[in-house]
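Notes to accompany the following structure.
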Amino acid sequence: MTGTPPVADPWFTIEEVEPGVHRITEPHCHRLVRANCHLVKGSARDLLIDSGMGVGRLRDAIAPLIDKPLVLFTTHAHVDHRGGHPEFRDAGILVHPAEAETLRTTAAVGSLTFDQFDPDTLRGLAEAGFDTGGLLVDAVPWPGFDIAACRSEGVEPTRLVGEGDEVDIGDRRFQVLHLPGHSPGGIALWEQGTGTLFAGDVIYDGILIDDLPGSDIRDYVETMRRLIDLPVRVVHGGHRGEFGGDRMREIASLYIAGRQRTNQSPTSEMAPT
């Protein structure tokens, strides 16, 4: 991309995908970092799951939907899921202990370019089918926005959570599942009564990435085996749209099979993000 990107207003798209569950996306971010946030309405608290890239003002965008104390659940500390966290320092910020230090740290190179990725990561992304040229956005949220100065600021978590912990928002209670592989402290929220899984980047219907710093393929295979046995009705993933339990088990099985084949990408049979 050359020249100054156009202004996109509104920056976010917000869609109620189930009663009381809103999916929030940044359509002008590159598909690699076009992550989902989810806002879940509770009778006692509102729950925000992840915060996107931190390009636009997420708090302003969701303010009309929030009327209770807010809890911010961090599925993992990659920049496209924690970029907006500084807007919610007064909320309860939850994260797994393995991701806490990353969450506290401002990204040294967090501008909206591919310069923030090391050469090995860039090579892996290119092999997976991602275009790694140009910018990570095709627009800006307001005139004068400084793409080069955009950073993901560190925040201090207020609660460390892991396997078996509970996130209670009144009429809905979620169990924390520790599902490493994509990242060491990847966590999801599971509501057994409704079969609902908020999965972050553990699983979504797209290219699953397992070669980033901190990724562990063996852990990821074990996570996929665990997911196959989970009685899921709907998955709200960290990218793309919602999907059902049968598709989740298909994706997990393809990943496992792919990693058991020599010199073949585990994601070659999946749709791109």
Side-chain angles (χ1 to χ4, degrees), residues 31-36 38 49-50 73-82 95-103 117-118 120-130 161-165 174-190 196-232 234-273:
R31 67 190 182 105
L32 175 65
V33 292
R34 191 183 305 142
N36 295 329
H38 291 94
I49 301 169
D50 291 339
F73 182 84
T74 314
T75 63
H76 62 302
H78 288 166
V79 65
D80 53 331
H81 295 264
R82 48 73 65 102
V95 71
H96 189 275
E99 308 273 328
E101 191 55 38
T102 301
L103 192 64
F117 299 105
D118 62 62
D120 288 341
T121 299
L122 286 174
R123 183 162 48 252
L125 292 172
E127 290 173 354
F130 289 102
V161 295
E163 179 70 30
D165 286 333
F174 298 91
Q175 179 186 358
V176 177
L177 305 182
H178 180 211
L179 300 171
H182 175 74
S183 65
I187 48 179
L189 287 176
W190 167 239
T196 301
L197 182 68
F198 289 95
D201 280 3
V202 170
I203 192 165
Y204 50 85
D205 199 353
I207 296 174
L208 302 181
I209 297 175
D210 62 6
D211 58 357
L212 297 173
S215 298
D216 188 296
I217 292 170
R218 290 183 180 179
D219 283 348
Y220 219 161
V221 168
E222 291 306 310
T223 283
M224 292 299 172
R225 287 177 175 151
R226 183 179 181 187
L227 289 178
I228 287 173
D229 293 330
L230 203 64
V232 166
V234 61
V235 179
H236 300 283
H239 297 265
R240 297 171 69 89
E242 300 72 35
F243 54 98
D246 288 344
R247 178 57 178 159
M248 180 196 73
R249 285 179 280 277
E250 180 183 17
I251 294 169
S253 296
L254 283 170
Y255 180 88
I256 294 168
R259 273 307 179 199
Q260 291 174 341
R261 292 194 292 266
T262 304
N263 298 324
Q264 184 166 346
S265 167
T267 58
S268 61
E269 298 176 50
M270 298 180 192
T273 303

Keeping [X] on the side-chain end and [Y] on the backbone end, is there a donor-acceptor pair under 3.5 Å?
{"X": "Arg225", "Y": "Ala252", "result": "no"}
{"X": "His239", "Y": "Gly206", "result": "no"}
{"X": "Thr223", "Y": "Pro180", "result": "yes"}

**Asked** Are His76 and His96 an aromatic pair by the rule of ring centers under 6.0 Å?
**Response** no
Under 4.5 Å between any side-chain heavy atoms of [X] and [Y], yes or no?
{"X": "Tyr255", "Y": "Ile217", "result": "yes"}
{"X": "Ile203", "Y": "Met248", "result": "yes"}
{"X": "Val232", "Y": "Trp190", "result": "yes"}
{"X": "Leu177", "Y": "Gln175", "result": "yes"}
{"X": "Thr75", "Y": "Ile49", "result": "yes"}
{"X": "Arg31", "Y": "Arg240", "result": "no"}
{"X": "Leu179", "Y": "Tyr220", "result": "no"}
{"X": "Ile207", "Y": "Phe130", "result": "yes"}

Taking all heavy atoms of [X] and all of [Y], pick out the closest pair and write down the distance.
{"X": "Ala188", "Y": "Ala199", "value": "CB-CA, 3.9 Å"}
{"X": "His236", "Y": "Thr196", "value": "CD2-CG2, 3.7 Å"}
{"X": "Glu242", "Y": "Val234", "value": "CB-CG2, 4.1 Å"}
{"X": "Tyr204", "Y": "Gly237", "value": "CB-CA, 4.2 Å"}
{"X": "Gly185", "Y": "Glu99", "value": "N-OE2, 2.7 Å"}

Please round to the nearest 0.5 Å and tell me the distance separating atom [atom1] of [X] and atom [atom2] of [Y].
{"X": "Leu227", "Y": "Ile251", "atom1": "CG", "atom2": "CD1", "result": "10.0 Å"}
{"X": "Met224", "Y": "Asp219", "atom1": "CE", "atom2": "CG", "result": "11.5 Å"}
{"X": "Ser183", "Y": "Ile209", "atom1": "OG", "atom2": "CD1", "result": "11.5 Å"}
{"X": "Arg249", "Y": "Leu254", "atom1": "CZ", "atom2": "CG", "result": "13.5 Å"}
{"X": "Asn36", "Y": "Asp80", "atom1": "CG", "atom2": "CG", "result": "10.0 Å"}

**Asked** Which is it for Phe73 and Leu189 under the side-chain contact (heavy atoms from CB on, under 4.5 Å) test, yes or no, and what are the steps along the way?
**Response** CA-CA 9 Å; Phe73 182 84; Leu189 287 176; 3.6 Å; yes
**Request:** Flag the pair Asp210 and Arg259 as a salt bridge only when some basic side-chain nitrogen lies within less than 4.0 angstrom of an acidic carboxylate oxygen.
**Result:** yes
**Prompt:** Can a salt bridge be assigned to the pair Arg247 and Asp205 using a cut-off of 4.0 Å between side-chain N and carboxylate O?
**Reply:**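 Looking at Asp205 together with Arg247, the answer is yes, because their closest N to O distance falls below 4.0 Å.
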**Request:** Verify side-chain contact (heavy atoms from CB on, under 4.5 Å) between Leu212 and His182, making sure each step is shown before the conclusion.
**Result:** CA-CA 8 Å; Leu212 297 173; His182 175 74; 3.9 Å; yes
**Item:** More than 12 heavy atoms of other groups within 6.0 Å of Arg218 CZ
**Value:** no
**Asked** In terms of side-chain heavy atoms, does Asp201 have a donor or acceptor partner in His78 at a distance below 3.5 Å?
**Response**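 No, no side-chain donor-acceptor contact under 3.5 Å.
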